[in-house]
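Heads up, the thing below is written out as structure tokens.
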Amino acid sequence: MALVTQTDTVDATAQEPLLAYTVSTDPDPLKASPENPQAPEEKGELVIVGSRHSGTPADVQWIKVKVPAGAMSPDLATDLAKVTYRISLNGWSGRLDASAKEFVFSPGASHAPIGPDTGFTIQLSDIPINRKVGTSPITVTESSRTGSSAFQSRSMVFNVGKFPPDFYLRNLVCDPLIIDNGGEVVLTWQRSANAVYELLYGETNLNVTALTTKKITNVKSDTMFYLRGTVGDPSNPVVRILSAPVTVRKPDLEIGNLVVNGTTNLKGATSTRDLTVNTANTLHVRTIEGSGSYGSLAIGGRLTLSTAGREVNVQSQFTVAGATTLNGAATLNGAATLKGATSLTGATTTKNLTVDPGADGYLWLKTGRLDTAAGTRLHAYGTVGIFKNSSQGLHADYISSGYGQKTFRADGDGFLSIKLSCLSYTTTTSWRELDAYFTAAAATAGVAHEIAIPQVQLSGSPQAKSFTSVPVAKGGTVVVSLNNTKLPGGTGNGWFSVFWTPLGGGPNLTQVAASEVPDPVEDGPADAQPPAEPEAQPPVE
């Protein structure tokens with residue numbers, strides 16, 4: 001039975017329920033019914049456990065459980081009238097409010113007290129599960145009060161996932177469970193091949209979609225590992241998370257305030273925000289973290305100026321042959337040459353900056369923006385790669401949903417991209433659909449860019465995906481077409497996405513009818529040549 005995590009109150013301004021609720025499912029996890037409407041529906045069960053944690057009883061008029069029903073991805077059930085429902089509280093009864101899609105449970109009197117010793121369960125059984133993979137919000141609402149105050153409606157939402165029939169994620173094992181500081185562990189798990197999997201711990205997020213085992217080294221503190229599997233429509237995915245802990249002997253610790261009244265023996269590296277040494281004593285250090293503003297400082301080891309508000313001013317030539325990290329504001333009034341790895345996380349002002357990390361190096365703007373003033377020029381003498389921008393999703397659906405063909409006009413310069421993913425697998429190597437393909441194309445400026453994926457692929461093989469991105473100039477048109485023809489009697493399927501990445505953050509594309517697209521106009525004789533671009537000039541040193 002799966003335990004479902006509470007997500008939020010329905011209204012951020014509303015008070016939380018006076019009772020505490022947990023929601024679990026059976027089976028674990030719930031399986032979406034087959035897409036074929038002729039196939040029988042899968043059945044599932046929700047179990048809601050309620051209790052009062054405070055010593056003061058709460059008066060309750062009713063408890064309602066709202067279950068989305070219908071044919072859409074966020075719906076859990078196809079028909080609430082087929083659900084069997086009950087509550088374990090004596091003297092309480094239930095009914096279905098079909099118009100509100102709620103199961104209402106109430107006592108025989110106008111209200112009943114529920115104290116810390118009155119735990120109860122609400123069971124919704126034989127639920128006919130919806131045929132779409134996705135996440136369904138289950139809302140639990142109570143009308144309650146304490147003492148003689150007025151009754152209020154208080155709600156919480158629980159997200160319940162419906163997974164594909166062949167999805168599974170189980171048996172996350174951490175070996176060993178107890179290690180020495182700096183030791184290593186091996187994580188193993190079992191999973192299906194139709195999802196994206198991530199391993200999360202601390203501030204680390206690793207994509208482990210292609211793995212079923214992972215060695216983690218240099219573990220220095222007690223750690224909880226989380227394995228997250230995500231599958232389904234990107235607009236309403238379903239997520240399953242497993243966890244496994246490891247305990248570290250003599251772990252590294254990060255705490256807040258620490259007051260020590262006795263002797264402290266620091267045998268390793270020590271970092272402190274404020275340190276006062278009596279004038280009669282001497283402070284011996286090999287590395288200084290942070291610096292004051294009193295006079296000159298000569299250091300033979302490492303100097304890190306990382307306190308917020310500190311300012312570094314360099315009035316003459318500044319040459320750094322090793323790694324450079326500037327976490328505060330940095331003003332470089334002279335020529336600056338940074339030959340090692342350089343991290344600029346604060347405001348930096350310089351007249352001329354030459355970054356020379358070698359043939360394999362790069363200048364990485366990790367966060368924020370790169371702005372150029374009006375009237376300035378930006379020269380690129382090599383390849384310009386655009387990896388991410390604010391994208392406009394044009395369409396996304398199962399390939400079998402019948403996209404056909406659409407025409408778009410670019411209101412600004414950008415790139416139109418198409419992605420195809422195969423969703424169907426088989427263990428039969430001789431199945432004819434292994435030789436059948438879905439195709440998609442983007443045609444612009446008289447050139448068609450086509451991609452294809454198989455309708456079905458062998459189980460256990462990496463998911464078949466294909467992607468293309470074509471540039472479209474402002475005012476240009478692009479025709480996007482999808483061939484989703486299956487073989488007669490075929491069952492293969494896939495997922496496709498079409499999106500637009502504008503240069504400079506916008507504007508986007510506009511869909512138009514093919515009849516609205518003007519015929520191309522000849523601008524001159526066939527042998528006319530475009531004007532020569534000015535020769536690029538090297539930057540001024």
Please step through salt bridge (charged side-chain N to carboxylate O under 4.0 Å, His left out) for the pair Arg249 and Asp180, ending with a clear verdict.
CA-CA 5 Å; Arg249 302 183 186 93; Asp180 292 329; 2.9 Å; yes

Name each donor-acceptor pair under 3.5 Å that joins a side chain in residues 108-117 to protein atoms two or more places apart or in another chain, with its distance.
none

Would you check if there is a donor-acceptor pair between the side chains of [Y] and [X] at a distance under 3.5 Å?
X: Asp97; Y: Ser99; result: yes
X: Ser73; Y: Asn236; result: yes
X: Thr141; Y: Ser155; result: yes
X: Ser33; Y: Glu42; result: no

Do any pairs count as a salt bridge (Lys or Arg N to Asp or Glu O under 4.0 Å) and have a residue in residues 185-196, sequence neighbours left out, and if so which ones?
none

Please list, chain by chain and in numerical order, all residues satisfying side chain to side chain donor-acceptor pair (under 3.5 Å) with Asn493, sequence neighbours excluded.
Ser400

For Tyr226, what residues pass the ring pair (Phe, Tyr, Trp, His ring centres under 6.0 Å) criterion, not counting sequence neighbours?
none

Distance (rounded to the nearest 0.5 Å) between Lys82 NZ and Glu41 CD
4.5 Å

Is it true that atom NZ of Lys419 has more than 12 heavy atoms of other residues, nucleotides or ligands lying nearer than 6.0 Å?
no

Does Met224, at its CE atom, have more than 12 non-hydrogen atoms belonging to other residues, nucleotides or ligands within less than 6.0 Å?
yes

State, to 0.1 Å, how close [X] and [Y] come at their nearest heavy-atom pair, and which atoms those are.
X: Asp59; Y: Gly147; result: OD2-O, 3.9 Å
X: Ala150; Y: Arg145; result: O-CB, 3.6 Å
X: Pro68; Y: Pro74; result: CB-O, 3.6 Å

Please list every donor-acceptor pair under 3.5 Å in which a side-chain atom of residues 210-217 meets a protein atom from a residue at least two apart or in another chain.
unit_1	atom_1	unit_2	atom_2	d
Thr213	OG1	Leu187	O	3.1

Geometric cation-pi criterion Lys406 and Tyr403, 6.0 Å radius, 45° cone
yes

Ring pair (Phe, Tyr, Trp, His ring centres under 6.0 Å) pairs touching residues 22-75, sequence neighbours excluded, are none

